[in-house]
There are 2 protein chains.
Amino acid sequence: MTKHQNNKEQAILAAAKEEFLDKGYDGARTTSIARAAGVTHAMLHYYFKTKEQLFEHIFQETMGMLVEGILEVFTQTDKPFKERIAEALGIHFEVIRQNPRLPLFMIREVASRPERFAIIKNVISTFAGNLLIALQRDIDQAVAKGEISHIDATTLLLDMISLNVFPFIVKPVFEAATGLDLNADSKFWELRKQENTQLIMRRLTPMQS
Amino acid sequence: MTKHQNNKEQAILAAAKEEFLDKGYDGARTTSIARAAGVTHAMLHYYFKTKEQLFEHIFQETMGMLVEGILEVFTQTDKPFKERIAEALGIHFEVIRQNPRLPLFMIREVASRPERFAIIKNVISTFAGNLLIALQRDIDQAVAKGEISHIDATTLLLDMISLNVFPFIVKPVFEAATGLDLNADSKFWELRKQENTQLIMRRLTPMQS
DNA sequence: GATTTTGTTAACAATCTTGTTAGCTTACAT
DNA sequence: ATGTAAGCTAACAAGATTGTTAACAAAATC
């Protein structure tokens with residue numbers, strides 16, 4: 001019954017994730033995290049020396065999920081380019097839907113303290129660089145085959161991410177302004193997913209001119 | 001020379017705006033604001049009883065700018081629907097470009113404390129409601145004339161806002177990840193504006209099916 | 001010109017927040 | 001079983017942060 005290996009540490013991490021995602025680094029309180037985890041706040045400092053270190057854990061974990069999410073999106077198949085993009089869009093949308101608070105969390109923290117990002121900057125930038133090169137190659141091939149209109153890889157990627165991510169980021173404002181509860185409204189999100197796909201597909205479809 | 005009517009109050013407001021926009025409510029320090037404004041921090045509490053009240057001023061001012069921005073967008077003309085939307089998109093983009101920190105500021109604050117929004121919720125919701133009704137009417141007319149594909153007014157509005165706003169919100173992450181300085185890169189923003197217009201225009205153009 | 005109101009300062013106070021320490025208990029290894 | 005390490009707690013400490021107060025100066029009002 002008394003299997004208490006490191007479950008307090010886990011409880012702290014779980015509570016910290018909630019608190020940091022909700023309120024951000026500045027708004028989070030270590031005492032509040034400890035309370036939510038059901039431990040004394042001395043315990044928190046026992047496992048994680050400082051608030052900063054605890055945050056680092058959460059931030060890295062979060063970043064990991066985002067990178068995984070993006071990797072998952074680019075499961076290369078041999079389908080036509082447009083189908084692949086449509087699939088990637090859908091998967092990306094679902095990843096965000098499962099972790100709707102991650103994007104705002106990350107943007108908020110990077111905006112208020114860009115240095116934090118420096119640690120993983122190299123990883124990201126080479127990763128993103130390779131991804132963009134591969135994507136541009138595929139785009140160029142598809143253009144050559146007449147399957148799509150020309151588009152810059154960076155531009156396309158930003159289009160996709162903007163459309164998929166922004167609705168989740170603006171959700172609190174939307175809900176506050178309309179009084180609607182979007183969590184209970186799966187129709188809204190299905191419609192959104194379809195709309196994003198449609199937008200990108202129309203963007204890629206060659207014009208009949 | 002000694003014309004000091006209420007310039008300290010103004011200095012405090014200006015410094016507070018900087019600080020709140022940059023760091024958010026939780027990250028902002030009243031002492032730091034006072035220092036930046038060149039006044040003692042007792043002075044800050046003299047003009048604005050509490051940090052909360054000072055924030056309220058800034059928040060309302062900011063909201064005002066955003067609403068003005070949206071109003072400016074919907075300067076009704078008698079041009080064809082698609083042209084009007086293209087124009088609105090461009091104006092909206094420029095409004096954000098002039099105030100690139102406003103959207104993240106608002107989203108961040110509403111996310112961390114939705115109650116704050118309650119005050120102005122009514123204003124916004126009726127305003128947004130009317131706007132959506134008018135937009136839907138125009139859409140339906142344009143559809144009837146065969147000028148555009150059918151689209152929900154809410155959907156179109158969210159498309160437009162997502163595309164225009166998200167790049168500015170994600171800018172810090174983008175810069176941190178790539179090392180680029182987007183402020184110095186006016187080409188990037190021009191391309192973005194064009195791309196957004198193109199996306200929406202293609203979305204609206206009836207399909208040749 | 002006297003009085004009242006407004007502006008200003010320095011010092012103080014209360015509370016919140018993070019972090020530490022000393023000592024106790026439990027588990028674990030030998 | 002005994003000693004050592006890890007887990008845990010309560011109390012404390014330092015510093016930051018917001019807010020107040022008393023006393024004084026300047027300006028406005030009469």
Side-chain angles (χ1 to χ4, degrees), chain A residues 1-62 105 108-109 111-113 115-116, chain B residues 1-61 105 108-109 111-113 115-116 119:
Chain A
M1 205 68 78
T2 51
K3 52 165 184 176
H4 59 75
Q5 56 277 37
N6 57 351
N7 54 356
K8 289 207 175 181
E9 190 176 358
Q10 293 308 313
I12 292 169
L13 277 172
K17 188 171 180 181
E18 270 308 300
E19 179 103 357
F20 281 131
L21 276 157
D22 244 48
K23 311 190 189 169
Y25 182 85
D26 290 328
R29 294 294 111 113
T30 54
T31 49
S32 162
I33 292 170
R35 204 182 323 122
V39 304
T40 65
H41 92 280
M43 219 53 242
L44 185 146
H45 288 291
Y46 175 70
Y47 283 112
F48 308 92
K49 217 73 192 91
T50 65
K51 179 184 180 184
E52 186 70 35
Q53 273 183 45
L54 178 54
F55 178 84
E56 214 64 43
H57 272 256
I58 305 299
F59 192 65
Q60 301 243 356
E61 187 187 326
T62 297
F105 170 68
R108 180 208 269 152
E109 300 305 332
S112 70
R113 289 180 51 192
E115 325 83 73
R116 244 179 220 145
Chain B
M1 203 69 76
T2 50
K3 51 163 185 176
H4 60 75
Q5 56 276 38
N6 56 351
N7 55 355
K8 290 208 175 181
E9 190 176 359
Q10 292 308 313
I12 292 170
L13 278 172
K17 188 171 179 181
E18 271 309 300
E19 179 104 356
F20 281 131
L21 256 78
D22 244 47
K23 312 190 187 169
Y25 182 85
D26 290 327
R29 295 295 111 115
T30 54
T31 49
S32 162
I33 292 170
R35 203 181 326 120
V39 304
T40 65
H41 91 281
M43 219 54 241
L44 185 147
H45 288 290
Y46 175 70
Y47 283 112
F48 308 93
K49 215 76 192 91
T50 66
K51 180 184 181 184
E52 186 70 36
Q53 273 183 45
L54 178 54
F55 178 85
E56 213 65 43
H57 271 255
I58 305 299
F59 191 67
Q60 302 241 357
E61 186 187 324
F105 170 68
R108 178 209 269 151
E109 300 305 332
S112 69
R113 289 181 50 194
E115 326 83 73
R116 245 179 219 144
I119 321 158

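Side chains are part of it too, since the values below use all heavy atoms of this structure and drop only hydrogens, waters and symmetry mates. The structure presented is a predicted model; accordingly, all values stated were derived computationally and were not measured. Below, chain A is the first sequence line, B the second, and so on; all start at residue 1.
- Side-chain atoms of B:Lys51 and B:Tyr25, non-hydrogen and from C-beta on, do get closer than 4.5 Å to each other.
- In this structure the side chain of A:Glu52 reaches within 4.5 angstrom of the side chain of A:Arg116, judged on heavy atoms.
- The nearest pair of heavy atoms linking A:Lys23 to A:Ser32 is NZ-OG, 4.4 Å.
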Do any N or O atoms of the protein come closer than 3.5 Å to N or O atoms of nucleotides 10-14 of chain C, and which pairs are they?
none

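- Atom C1' of nucleotide C:dA22 and atom CE of A:Met43 are separated by 15 Å, given to the nearest angstrom.
- Atom CD1 in A:Ile33 sits roughly 12 Å away from atom P in C:dT17 (whole-Å rounding).
- Residue B:Thr30 is in sugar-phosphate contact alone, with no base atom involved, counting any heavy-atom pair closer than 4.0 Å across all strands shown.
- In this structure, B:Leu13 and B:Tyr47 have side chains that are not in contact, with every pair of non-hydrogen atoms separated by 4.5 Å or more.
- Within the nucleic acid shown, A:Ala28 comes within 4.0 Å of sugar-phosphate atoms alone, with no base atom in reach, counting heavy atoms only.
- The listed nucleotides are D:dT17, D:dT20, D:dC8; the one nearest the side chain of A:Lys8 is D:dC8.
- Distance from the side chain of A:Lys51 is smallest to C:dG19 among C:dT8, C:dG19, D:dT17.
- For B:His45 and C:dT9, the NE2 to P distance is 14 Å, given to the nearest whole Å.
- Closest heavy-atom contact between B:Leu44 and B:Ile12: CA-CD1, 3.9 Å.
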Exercise for review: Take B:Phe55 and B:Phe48 through the side chain to side chain contact (heavy atoms under 4.5 Å, CB included) test and state the conclusion after the steps.
Suggested key: CA-CA 9 Å; B:Phe55 178 85; B:Phe48 308 93; over 6 Å; no

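- In terms of phosphate contacts, B:Lys49 brings no side-chain nitrogen or oxygen within less than 4.0 Å of OP1 or OP2 of D:dT18.
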